[in-house]
Amino acid sequence: MKKEKASYSVLSNVGWMLGMARKSVGSVPFWCAVISVLTVAQSVVQMTAVPAILDQVQRRESLSGLLAAVGLFALGLMALQWLLSYLQETTIYGRISVREKIIGTINRKTACTAYPNLLDPEVLKVQDEALSTTYGNAEASEHIWTTLQKLLANVLGFGVYLAVLTKLHPLVLAVTLVTTAAGFLVQQRLQSWGYRRREEKDSLNRLPEYLSRLVENREFAKDIRIFHMAPWLRELHEKSERLIQDFLRREYRAYLWADVLEVALGFLRNGFAYLVLIGMVLENKISAAEFVLYFSAVGGFTTWITGILRCYLELARESLKLCRVREYLATPEPFRQEGGRPIPQAEGYELRLENVTFRYPGAEAPTIAHMNLTIRPGERVAIVGENGAGKTTLVKLICGLLDPAEGRVLLNGVDIREFNRQDYYRLFSAVFQEFATLECTIRENITQTNGAWDEEKLWDCVEKAGLTEKISALGLEAHLGRQVYEDGVELSGGEIQRLMLARALYKDGPLLVLDEPTAALDPLAEHDIYCKYDAMSAGKTSLYISHRLASTRFCDRILLLEHGGILEEGTHEALLARQGAYAAMFAIQRKYYEEGEAV
């Protein structure tokens, strides 16, 4: 398996997390250090309690003095345990806040990153891995504080116990170090069996997880029942489960050998320590109380060494995951996102494409090839053509969602790459093919704001979109969708498309883009939209994409695309008179509708 290479060092990622804490809850690192110190203090008290009490018994101290010592140690341990429990419970909220800060940072990057980044599989993969580090308390963006806290505690404990054990025979210290390190390394190799085969495990889990999501998805419920798919899906699920069980059996066998090795090395280490300490007692070099103290120190010393090694490896793994977060946040932006030339203030905007070519990554042929086009201010342009002709890609280039590989897109004679792209987007009101409502109120879906809004303008847009009756019945404050609100309502596909049209009209940008805005509407509703198209596009430059050529007659000019270029252009009547490809397509569609009416 190819070893993962960290793009940032462990130290660099720890520094980055400290920086995120400063921006969110700056006390998080401090309380981690406090908990580490208290953890070591508790361990030291536990180590010294029995030897100290045993020493008092050997010296025949009074019963009251003995009870006082026992009580003092008990109270101390209780106080430390209470304080540790309190801090661990209360400081978790600060750690969660840091994780939420990271989530917010990732989400802002996703919301603002250039559209081409969302089409890049590598960027999407890194984005997914970055988000996976924030899914819960046990993920790297939060659990790293626990790892750092434990690492610091182990380092401090190692130092304290090392100071105690330096008074013993050096062989005890050497054997303890060697057996602990050897046991850890071999055990780590065996216990990492599953980690090294995580891709195999993930691939095995992928199918049953997909099948579980599929049977829970309401969209597939009708198909599963009508086509009697349940037995087939159950057979697939059982087969995948058998493969997973076989993988788990192999994993458990590897872990079993790790446990056997740990027991054997522990027996060797403790046996040697017993022999040396018993010999020192017999030679009167140490007392019984010191015997207990030193033997406890050997066991604790082993725990601290193992803890340091485990925590460092855990920190390294978490650092690799944090690398993904930082890589995603550092994803280069191909568009200008700040600064740039101001958008020109004008009564109308001309859009011009000069020798524009665009090819999607991995595609054999360009989707748009050497296109030249001028859209005049206030002009209503329809774009038609077969699937794959480049209609939607052309609109995305004009809207600035994509940049051409060759050529330029100009707004009033200025290359749009010179503008802040966010400012450029504000010129457009659009309804794209892919649309979805937000889980909020109808009003918020249309106005896209929680602040001030114009009610008269809103109802005017609703009227133009043909939703007045529906929204009047539901109310502007009705919630859409049922993922967030139990009282949410669900609209039909056509109603959602009308809602998106109302949203585009409410924005009132000088450039109107409608990409198949009537695809989900019935013929009567579609005709209603056509009748209102003049009012919608009044005073705006508009682009209208449709497969239904009957809708194009409302536009000033029609562009027929083929193989990424403009095959024909002109008015509806002019193109019909030419008797070319447009006329042939229109004749086929007209015949289809006429036959449908006859039926």
Within the 4.5 Å heavy-atom criterion, are [X] and [Y] side-chain neighbours or not?
{"X": "Cys323", "Y": "Trp16", "result": "no"}
{"X": "Ser212", "Y": "His237", "result": "yes"}
{"X": "Leu131", "Y": "Asn107", "result": "yes"}
{"X": "Leu476", "Y": "Trp453", "result": "yes"}
{"X": "Lys540", "Y": "Ser429", "result": "no"}
{"X": "Ile244", "Y": "Pro208", "result": "yes"}
{"X": "Arg426", "Y": "Ile343", "result": "no"}
{"X": "Lys457", "Y": "Thr447", "result": "no"}

Evaluate whether atom [atom1] of [X] has more than 12 neighbouring non-hydrogen atoms of other residues, nucleotides or ligands under 6.0 angstrom away.
{"X": "Glu469", "atom1": "CD", "answer": "no"}
{"X": "Tyr210", "atom1": "OH", "answer": "no"}
{"X": "Gln483", "atom1": "CD", "answer": "no"}
{"X": "Glu386", "atom1": "CD", "answer": "no"}
{"X": "His143", "atom1": "NE2", "answer": "yes"}

Margin query: I need the single residue from Asn387, Asp515, Thr367 that forms a side-chain hydrogen bond (donor to acceptor under 3.5 Å, both in side chains) with Thr392. Which is it?
Written below: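 Between Thr392 and the candidates, side-chain hydrogen bond (donor to acceptor under 3.5 Å, both in side chains) is satisfied uniquely by Asp515.
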
Give a yes or no answer on whether the side chain of [X] reaches the backbone of [Y] with a donor-acceptor pair at less than 3.5 Å.
{"X": "Thr357", "Y": "His370", "answer": "yes"}
{"X": "Arg421", "Y": "Gly400", "answer": "yes"}
{"X": "Glu490", "Y": "Arg482", "answer": "no"}
{"X": "Arg498", "Y": "Ala465", "answer": "yes"}
{"X": "Ser472", "Y": "Thr468", "answer": "yes"}
{"X": "Asn117", "Y": "Pro332", "answer": "yes"}
{"X": "Glu568", "Y": "Arg578", "answer": "no"}
{"X": "Asn372", "Y": "Asn355", "answer": "yes"}
{"X": "Lys109", "Y": "Thr331", "answer": "yes"}
{"X": "Lys391", "Y": "Gly385", "answer": "yes"}

If I take atom [atom1] from residue [X] and atom [atom2] from residue [Y], how far apart are they, to the nearest 0.5 angstrom?
{"X": "Cys399", "Y": "Leu543", "atom1": "SG", "atom2": "CG", "answer": "7.0 Å"}
{"X": "Thr134", "Y": "Arg99", "atom1": "OG1", "atom2": "CZ", "answer": "7.0 Å"}
{"X": "Leu559", "Y": "Leu567", "atom1": "CG", "atom2": "CG", "answer": "11.0 Å"}
{"X": "Ile106", "Y": "Thr113", "atom1": "CD1", "atom2": "OG1", "answer": "13.0 Å"}
{"X": "Leu561", "Y": "Ile566", "atom1": "CG", "atom2": "CD1", "answer": "6.5 Å"}
{"X": "Leu394", "Y": "Leu353", "atom1": "CG", "atom2": "CG", "answer": "6.0 Å"}

So which heavy atom on [X] is nearest to which on [Y], and how close?
{"X": "Arg336", "Y": "Glu338", "value": "CG-O, 3.3 Å"}
{"X": "Ile416", "Y": "Leu397", "value": "CD1-O, 4.2 Å"}
{"X": "Thr571", "Y": "Asp556", "value": "CG2-O, 3.4 Å"}
{"X": "Leu427", "Y": "Pro510", "value": "O-CD, 3.0 Å"}
{"X": "Gly339", "Y": "Asn420", "value": "O-CB, 3.3 Å"}
{"X": "Tyr360", "Y": "Thr393", "value": "OH-OG1, 2.8 Å"}

Note to self: Does Val98 form a side chain to side chain contact (heavy atoms under 4.5 Å, CB included) with Met17? I'd like the steps, not just the answer.
What the structure shows: CA-CA 8 Å; Val98 177; Met17 285 298 298; 4.1 Å; yes

Are [X] and [Y] within salt-bridge range, i.e. N to O under 4.0 Å?
{"X": "Arg359", "Y": "Glu406", "value": "no"}
{"X": "Arg408", "Y": "Glu354", "value": "yes"}
{"X": "Arg557", "Y": "Glu569", "value": "yes"}

Next item on the list: Check the pair Tyr425 / Leu401 against side chain to side chain contact (heavy atoms under 4.5 Å, CB included), numbers first and verdict last.
Entry: CA-CA 9 Å; Tyr425 292 150; Leu401 294 173; 4.0 Å; yes

Notebook entry, point to check: Quick one: which of Glu129, Glu122, Glu318, Glu139 gives a salt bridge (Lys or Arg N to Asp or Glu O under 4.0 Å) with Arg324?
Noted result: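 The passing option is Glu129.
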
Check: Judged by modelled atom types alone, do Tyr328 and Thr110 share a side-chain donor-acceptor pair under 3.5 Å?
Finding: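 The criterion, which ignores hydrogens and geometry beyond distance, is satisfied for Thr110 and Tyr328.
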
Item checked: Criterion side chain to side chain contact (heavy atoms under 4.5 Å, CB included) on Leu211 and Val215, from CA distance to verdict -> CA-CA 6 Å; Leu211 293 173; Val215 297; 5.7 Å; no

Next item on the list: Just do the side chain to side chain contact (heavy atoms under 4.5 Å, CB included) check on Met500 and Phe432 with the steps written out, would you?
Entry: CA-CA 9 Å; Met500 297 298 98; Phe432 295 108; over 6 Å; no

Next item on the list: Specify whether His572 and Tyr582 have parallel, tilted or perpendicular ring planes, treating 30° as the upper limit for parallel and 60° as the lower limit for perpendicular.
Entry: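 Judged by the thresholds at 30° and 60°, the geometry between His572 and Tyr582 is perpendicular.
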
